[in-house]
Amino acid sequence: MLSIKNLHAGVENKQILKGINLEVNAGEVHAIMGPNGSGKSSLASVLAGRENYEVTEGSATLDGKDLLDMAPEDRAREGLFLAFQYPIEIPGVSNINFLKTALNEIRTYRGLEPLDAKSFLKLTKEKQQLVEFDAKLVNRSLNEGFSGGEKKRNEILQLAMLEPKLSILDETDSGLDIDALRIVSNGVNKLRSKNNAFILITHYQRLLEYIVPDFVHVLYNGRIVKSGTKELALELEEKGYDWIKEENAVNA
Amino acid sequence: MLKEIDITKTRKPAQMTKKNLYDTLTDEFDGIYAAFERTEKDCLLQKRKEAFAYFQDQKFPSTKNEEWRFTNITPFVNDTYNLYSDFSADDETIEKALEKVDVKGLDAYRLILVNGNINYDYSQLPQTDGISIRSVSEVKNEVSFSEKINQNIEVAKYPFAALNTAFFQDGYYIELKKNFNLDKPVYIIHIYSEKENVFLQPRNIIIAQQGSNCKFIETSVCISKNTVFVNSFTDILINENAYVRHAHFQRGNANERWVTHTQVNQEQNSRYDNYLVTLPKADLVRNNLNVELNGKNTETHLYGLYLVSDKHLVDNHSVVNHKYPNCQSNQLYKGVILDGGHGVFNGKIYVQRPAQKTNAFQQNNNLLFSPNAVINSKPQLEIFADDVKCSHGSTVGQFNEESLFYLRARGIGEETARSLLVNAFAFDVAEKIHNEALRDYVEILIEETIEQAQKDNS
């Protein structure tokens, strides 16, 4: 589904990603871990199309289509979803209107009719129950005055509504209490299917107890330096990142 | 319907050399005044003469004039214009114009003016004795007319107001009778259709007698390939306990120049709400909105929204003058300046010594879309009373790229995303409009403006 080859990217002459290779197939969940500053969020930003990043080398394709050539909205329409680490508050744009606009633009792109008001409301209700999102928040301005947990749950609601092929969750667990973490994880687990895939970017093994990954990758200094199964996450939790850094210092 | 045949006779053959507006006005005043003399009463003629003397003394303001510091009108008044046009326009032109300003779902009466003159065929006026709608040319010889105009304005300080007073020919006269409550808004549409470059000066007046209640929506549309400069003046007199709601939509094209002056006089316990929405892309839009509070317990709300695009200049000047106790005024103006646009906001609030217990608020917020967008904002508050609650403020912010990316990352196209964000910024002004059809109209106008700006950029 997602194929990243030798991806190099940076911001203003500063090289951040230095040759990422990653294959994600439908039905898989991949976790990407790594110390601060290793390039995890940059990878998410580059894939989603944040404009201040410049790709200098390599490729990224989603089902064979070149992602890097597309505008951010087209990546989303092709089925890429980034759950933001810090969801943006937009006063004056209602959550419901935002969801409707997004969903209908994506449907139009895929050659489907826009949903009528009734079907849209039905769908919203269904999904908001699925991710245990407070109905009151749906009618408020987008993320305005939401708590950290509510913002993250809103990201998962959007994910549920838009049904992407590939979802990247950028530190969705940060700032969540245990209950919110459980709710967010349950939501993701319900949305998992053999047709979609997830990349979880996280610092903590805790999230991976709730959403069990098929693969765990360690990103360090702009490269994936180690890949394994969920046991690798446990090992990191126990030993920290120093041994990874040392190994790489030796290799370098 | 009166036709100003006398005046058109005074028109001189088209000049071959380029003549600026000041010279045109100076050369033609005597002839035009002579025509006025044949039909008008002395009190009005006296006002015209005085006003023209003020104008000749002041001339057109340069940027050295503090009130015109950021708005350079020199290039516009250096052009050559004819001073009067004929009032005719064919049905096709009128229908085309009406289509352009159609507000979907708006249930309203219609007052149509063509080049300043009421067109009764296309108007749909309320059939009641409670309201009188006539042409200014019909009423200007009534003795009371000249007393009603230019109340509480120092004409000498407003060159365009002086000029309008000296030369105005026609416009609408609306009077609401005592305690009359008009059931639907009146949509006033000014159509300008010109075969030559013209300088036009319509004069309008709204009088709301004691206890009356009415709503007006006003807009102008030009169907012309020529240069049109409109200098309009509207007096609004709101008597005791009356309530006037007044929405004004301004849209235009290149080669259109608009200077408007709205002079509002409020008596005690009255209320005036003004909504001023300005969109691209006339060369120049300068609005003067002066509100004189002549009694206690008045309420005034001024809401403004301006979207300014490339080569478009929008200048909003306002004055609210608190002279009596217990009055409340509230002003919120929001501006979105797109690439290459220039906006000006200058809001003055005076609180005179007797105006104790005044509540006066003023806020101007601006959103700049690009490094080539300019806003000059000058909120001013002068307080001479000691027991008042007043505040004023101005903000200038940049367009938030993070918000734009967030929306796009959800599959929303860039253009739609920008429209959503501009609508969100404009929301606290738009939500103040009571009429749902008008609120939707504002949203559509914003979308169209952003769409057009994107097209112009690419």
Side-chain angles (χ1 to χ4, degrees), chain A residues 44-53 67 70-95 97-110 112 141-144 151 154-155 157-159 161-165 167-168 170, chain B residues 277 303 305 307 332-336 363 365-367 369-371 395 397-433 436 439-440 442-447 449-451 454-455 457-458:
Chain A
S45 293
V46 169
L47 292 177
R50 200 183 283 273
E51 263 162 12
N52 48 344
Y53 285 88
L67 275 180
M70 289 181 209
E73 56 268 35
D74 286 338
R75 302 182 195 203
R77 292 161 180 173
E78 286 290 342
L80 181 82
F81 184 94
L82 170 65
F84 279 54
Q85 185 176 1
Y86 305 107
I88 312 292
E89 295 193 17
I90 309 185
V93 173
S94 82
N95 215 352
N97 187 23
F98 161 70
L99 282 172
K100 194 173 174 179
T101 309
L103 184 67
N104 283 337
E105 290 225 1
I106 290 175
R107 287 180 67 92
T108 307
Y109 182 83
R110 293 177 187 166
L112 299 168
S141 275
L142 181 51
N143 291 327
E144 191 191 22
K151 283 181 186 164
N154 199 11
E155 295 294 288
L157 173 65
Q158 291 164 28
L159 196 164
M161 292 287 292
L162 304 180
E163 297 180 329
K165 290 185 208 161
S167 305
I168 305 167
D170 189 6
Chain B
V277 180
Y303 299 108
L305 176 65
L307 265 70
L332 175 63
Y333 269 56
K334 298 193 102 171
V336 177
Q363 183 69 36
N365 301 329
N366 298 286
L367 183 62
F369 253 57
S370 106
T395 64
Q398 282 174 14
F399 190 77
N400 188 336
E401 294 293 335
E402 262 310 290
S403 301
L404 185 65
F405 177 64
Y406 188 59
L407 297 178
R408 293 177 75 189
R410 294 296 173 260
I412 299 175
E414 187 175 352
E415 207 172 276
T416 311
R418 282 184 193 274
S419 288
L420 270 176
L421 292 172
V422 172
N423 262 310
F425 175 76
F427 178 73
D428 37 354
V429 167
E431 70 165 354
K432 298 296 191 305
I433 299 174
E436 202 184 326
R439 263 202 320 269
D440 292 346
V442 171
E443 207 168 296
I444 291 165
L445 292 177
I446 290 175
E447 276 162 27
T449 304
I450 301 300
E451 202 175 300
Q454 296 275 110
K455 267 186 210 151
N457 271 346
S458 59

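Throughout, protein chains are lettered first and strands after them, A, B, ... in sequence-line order, and every chain is numbered starting at 1.
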Check: Under 3.5 Å, side chain of B:R410 to main-chain N/O of A:E73, donor-acceptor pair present?
Finding: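 Such a contact is absent between B:R410 side chain and A:E73 backbone.
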
Next item on the list: Answer yes or no: are there more than 12 heavy-atom neighbours, outside A:Y109 itself, under 6.0 Å from its atom OH?
Entry: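 Yes, OH of A:Y109 has more than 12 neighbouring heavy atoms, counting only those of other groups under 6.0 Å.
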
Note to self: Within a 6.0 Å radius of atom CD on B:E431, are there more than 12 heavy atoms belonging to other residues, nucleotides or ligands?
What the structure shows: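 Yes - once you tally the heavy atoms of other residues, nucleotides and ligands closer than 6.0 Å, there are more than 12.
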
Check: Hey, what do you get for CG (A:N143) to OH (B:Y406), rounding to the nearest 0.5 Å?
Finding: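 Going from CG on A:N143 over to OH on B:Y406, the span is 4.5 Å.
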
Item checked: Reported CD-to-CG distance for the pair A:E89 and B:N400, which is rounded to 0.5 angstrom ->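 Rounded to the nearest 0.5 Å, the CD-CG separation comes to 11.0 Å.
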
Atom group of [X] that falls short of 4.5 Å from chain B, counting heavy atoms:
X	result
A:N97	side chain
A:F98	both
A:R50	both
A:E155	side chain

So which heavy atom on [X] is nearest to which on [Y], and how close?
X	Y	value
A:T101	B:L420	CG2-CD1, 4.4 Å
A:R77	B:I412	NH2-C, 4.0 Å
B:A424	A:P91	CB-O, 3.3 Å
B:A409	A:A76	O-CB, 3.3 Å
B:G411	A:I106	CA-CG1, 4.1 Å

Note to self: Applying salt bridge (charged side-chain N to carboxylate O under 4.0 Å, His left out), can you list everything that pairs with B:E414, at least two apart in sequence or on another chain?
What the structure shows: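 If we apply the salt bridge (charged side-chain N to carboxylate O under 4.0 Å, His left out) test to B:E414, skipping adjacent residues, the hits are B:R408, B:R418.
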
Check: Can you name the salt bridge (charged side-chain N to carboxylate O under 4.0 Å, His left out) partners of B:E401, sequence neighbours left out?
Finding: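 With sequence neighbours excluded, B:E401 shows a salt bridge (charged side-chain N to carboxylate O under 4.0 Å, His left out) to no residue whatsoever.
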
Next item on the list: Apply the test side chain to side chain contact (heavy atoms under 4.5 Å, CB included) to residues A:I88 and B:F405: give CA-CA distance (whole Å), side-chain angles for both, the deciding distance (0.1 Å), then the verdict.
Entry: CA-CA 10 Å; A:I88 312 292; B:F405 177 64; over 6 Å; no

Margin query: Below 4.5 Å, heavy-atom pairs only: which of A:L103, A:I90, A:L162, A:L99 has the largest tally toward chain B?
Written below: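 Maximum pair count with chain B is reached by A:I90.
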
